[in-house]
Number of protein chains: 2
Amino acid sequence: MTETTAKTLSSTQRAVHELRGLIFRGELPAGSDHLEAELAQRFGMSRTPVREAALILESQGLVELRPRKGVRVLPVSSDDMREIYDVLTELESLAAGQAAQQSYAAKDLQQLEAAINDMDRAIASDDLEAWADADDRFHTELVRLGNNSRIETIVAMMRDQVRRARALTLFMRPLPTQSNEDHRLVFEAIKNGDPAAAHDIHKIHRQKAKTMLLALLEKHRLTLI
Amino acid sequence: MTETTAKTLSSTQRAVHELRGLIFRGELPAGSDHLEAELAQRFGMSRTPVREAALILESQGLVELRPRKGVRVLPVSSDDMREIYDVLTELESLAAGQAAQQSYAAKDLQQLEAAINDMDRAIASDDLEAWADADDRFHTELVRLGNNSRIETIVAMMRDQVRRARALTLFMRPLPTQSNEDHRLVFEAIKNGDPAAAHDIHKIHRQKAKTMLLALLEKHRLTLI
DNA sequence: GCATTTGTTTACGTATGCATTAAATTATGC
DNA sequence: GCATAATTTAATGCATACGTAAACAAATGC
């Protein structure tokens with residue numbers, strides 16, 4: 001997501017990147033097992049960096065290392081999704097409230113507003129991918145403004161998981177027009193320095209999203225990703 | 001903390017355990033650097049498992065791997081502590097509220113009650129270490145009852161960090177008598193199935209703890225641990 | 001005397017090798 | 001034919017080896 005200087009990427013970093021990519025693009029389906037040696041060959045490196053990457057992704061909840069079974073891509077059940085959304089909801093709302101306490105200048109909120117406008121545009125042109133992208137940017141920026149690096153890290157991890165589910169459900173749900181009204185209200189609350197409003201509106205927003213996603217997952221029996 | 005089957009611990013697991021121990025006991029002070037080879041020798045193993053352990057602890061926010069500088073024990077500033085407590089407060093309160101929704105039977109809440117009683121006893125006998133231990137058990141059990149494994153994991157990580165700070169401040173603060181009244185109220189709320197009360201009381205409880213700890217850290221300039 | 005360059009050390013990142021042990025497969029007894 | 005035991009296979013966990021590049025020191029030029 002956020003590029004650093006990125007001069008020479010270490011093999012381990014590359015492995016993390018590649019593995020994540022494979023998982024998010026669905027090329028390694030949930031529940032599938034992959035031997036370290038196999039992945040190493042695929043990435044053109046030795047087992048060591050693959051193993052290190054697997055350990056890192058394991059502590060982020062994306063995979064699991066099982067002796068002799070290889071690296072297992074963790075499935076995400078609808079119950080997992082409930083857990084994840086509950087954490088997301090709580091921490092993002094906290095961030096929203098705290099963002100509203102920081103008395104940001106208008107220019108500090110440009111990114112946030114831009115994301116909202118992009119979403120409007122995407123909805124108008126019926127571009128769901130673009131909408132999803134802008135939605136991500138909105139939430140990332142919202143959390144950043146909350147000024148708590150732990151929340152940023154945790155939410156980024158949780159959002160990774162949600163992204164996997166959303167890829168499946170994006171095309172089966174109503175156009176998210178209502179959604180953007182919520183975003184704008186949160187934005188206004190932050191601009192006006194109203195923490196309670198920012199918190200509460202965002203919380204309800206996330207709870208609606210959770211209910212909708214879980215209903216879709218249940219309806220279509222999408223236990224995996 | 002929670003022992004699994006624990007037949008033969010792998011070297012990597014041992015390394016994680018040993019390293020954590022060294023950090024929590026303050027034998028590796030915050031900010032200090034430690035070469036992989038040095039730690040490997042200390043633990044009687046090769047660099048590989050030490051490195052793997054360091055990677056795991058790095059993603060848990062306890063250490064940092066810096067090329068050629070070794071494994072650095074991360075300092076915890078009072079601003080870090082604010083971040084950590086904010087996350088803890090929010091997620092534990094959520095867990096408390098959700099625990100109250102599960103209509104637990106009395107026997108499911110035995111552990112929780114036992115921890116509260118242990119705290120009372122520890123306070124009566126002026127045993128701060130025992131109190132801290134029981135307090136930990138209370139909070140761990142509370143979160144477990146909330147029935148969200150992600151929250152359990154995250155809170156466990158955050159509590160690790162707090163533990164480091166508490167070790168320093170435990171003996172400079174008032175006896176936590178008020179604290180246990182809060183615990184008991186949360187317990188009652190869960191028993192009576194009152195989510196809002198459980199949530200709100202616990203939240204206020206944690207906010208008080210945060211304020212007190214931060215004041216102590218600031219007062220004594222305990223920027224590190 | 002100071003700055004710059006050259007040389008040396010050393011810690012890491014990664015590759016590789018090997019012992020262990022779980023799983024799979026075959027063989028054996030009933 | 002089926003269950004159990006023996007044997008083989010193979011993937012991991014860990015040790016070790018090594019090239020690279022950063023950090024430090026020494027030496028040289030000015």
Side-chain angles (χ1 to χ4, degrees), chain A residues 3-23 27-75, chain B residues 3-23 27-75:
Chain A
E3 286 288 327
T4 43
T5 37
K7 195 149 285 183
T8 352
L9 228 39
S10 81
S11 293
T12 301
Q13 290 171 294
R14 256 187 49 220
V16 168
H17 200 77
E18 302 248 13
L19 239 182
R20 283 176 49 101
L22 288 175
I23 293 171
E27 295 180 40
L28 304 186
S32 59
D33 293 322
H34 306 275
L35 299 181
E36 295 175 4
E38 175 199 312
L39 291 170
Q41 190 172 29
R42 188 166 190 164
F43 301 156
M45 58 182 70
S46 83
R47 271 180 52 220
T48 307
V50 171
R51 223 182 126 69
E52 296 195 347
L55 284 169
I56 290 170
L57 293 182
E58 181 173 46
S59 45
Q60 293 177 7
L62 274 181
V63 304
E64 184 187 17
L65 270 80
R66 297 187 306 172
R68 251 155 284 280
K69 299 282 186 144
V71 179
R72 179 183 160 85
V73 181
L74 283 180
Chain B
E3 285 289 327
T4 43
T5 37
K7 195 147 282 182
T8 350
L9 227 41
S10 80
S11 293
T12 301
Q13 290 171 295
R14 258 188 48 222
V16 168
H17 200 78
E18 302 248 14
L19 238 183
R20 283 176 48 101
L22 288 174
I23 293 172
E27 295 180 40
L28 304 186
S32 61
D33 292 322
H34 305 276
L35 298 182
E36 294 176 5
E38 176 198 314
L39 291 169
Q41 190 171 29
R42 188 166 190 162
F43 301 155
M45 58 183 68
S46 83
R47 269 180 56 219
T48 308
V50 170
R51 223 183 124 71
E52 295 194 348
L55 284 169
I56 290 170
L57 294 182
E58 181 173 47
S59 44
Q60 293 177 7
L62 274 181
V63 304
E64 184 187 17
L65 271 80
R66 298 187 306 172
R68 251 155 289 278
K69 298 283 187 141
V71 179
R72 180 183 160 85
V73 181
L74 282 180

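What you see is a predicted model; the values in this text were computed from it and never measured. Residue numbers begin at 1 in each chain, while the letters A, B, ... track the order of the sequences.
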query: Applying the salt bridge (charged side-chain N to carboxylate O under 4.0 Å, His left out) test to D33(A), which of K69(A), R68(A), R66(A) qualifies?
result: R66(A)
Compare all side-chain heavy atoms of [X] with those of [Y] and state whether any distance is below 4.5 angstrom.
X      : Y      : result
V73(B) : L22(B) : no
V50(A) : V71(A) : no
R51(A) : E52(B) : yes
I56(B) : T12(B) : yes
Q60(B) : L57(B) : yes

Separation of atom [atom1] in [X] from atom [atom2] in [N], rounded to whole Å:
X      : N       : atom1 : atom2 : value
E52(A) : dC12(C) : CD    : P     : 12 Å
L35(A) : dT9(D)  : CG    : P     : 18 Å
K69(B) : dG13(C) : NZ    : C1'   : 18 Å
R72(B) : dC12(C) : CZ    : C1'   : 18 Å
L55(B) : dG13(C) : CG    : C1'   : 11 Å
E64(A) : dT12(D) : CD    : C1'   : 15 Å
Q13(B) : dT12(D) : CD    : C1'   : 13 Å
D33(A) : dA23(C) : CG    : C1'   : 13 Å

query: Out of dA23(D), dG13(C), dG13(D), which has the shortest distance to the side chain of E36(A)?
result: dG13(D)
query: Under 4.0 Å: is that the gap between some side-chain N or O of T12(B) and OP1 or OP2 of dC14(D)?
result: yes
I'd like a table of donor-acceptor pairs (distance under 3.5 Å, sequence neighbours excluded) in which one partner is a side-chain atom from residues 37-46 of chain B, with atom names and distances.
unit_1: E38(B); atom_1: OE2; unit_2: H34(B); atom_2: ND1; d: 3.4
unit_1: S46(B); atom_1: OG; unit_2: T48(B); atom_2: N; d: 3.3

- prompt: Any donor-acceptor pair under 3.5 Å joining the side chain of R68(A) to the base of dA11(D)?
  reply: yes
query: Which part of the nucleic acid, if any, lies within reach of R51(A) when heavy atoms closer than 4.0 Å are counted: base, sugar-phosphate only, or nothing?
result: sugar-phosphate
- request: With DNA chain C as reference, determine whether S10(A) or P67(A) sits nearer its 5' end, using the nearest nucleotide of each.
  value: S10(A)
Please enumerate all protein N or O atoms sitting under 3.5 Å from an N or O of nucleotides 15-19 of chain D, with distances to 0.1 Å.
unit_1: dA15(D); atom_1: OP1; unit_2: S46(B); atom_2: N; d: 3.3
unit_1: dA15(D); atom_1: OP2; unit_2: S46(B); atom_2: N; d: 2.7
unit_1: dA15(D); atom_1: OP2; unit_2: S46(B); atom_2: OG; d: 2.3
unit_1: dA15(D); atom_1: O5'; unit_2: S46(B); atom_2: OG; d: 3.3
unit_1: dA15(D); atom_1: N7; unit_2: T48(B); atom_2: OG1; d: 2.9
unit_1: dT16(D); atom_1: O4; unit_2: T48(B); atom_2: OG1; d: 3.3

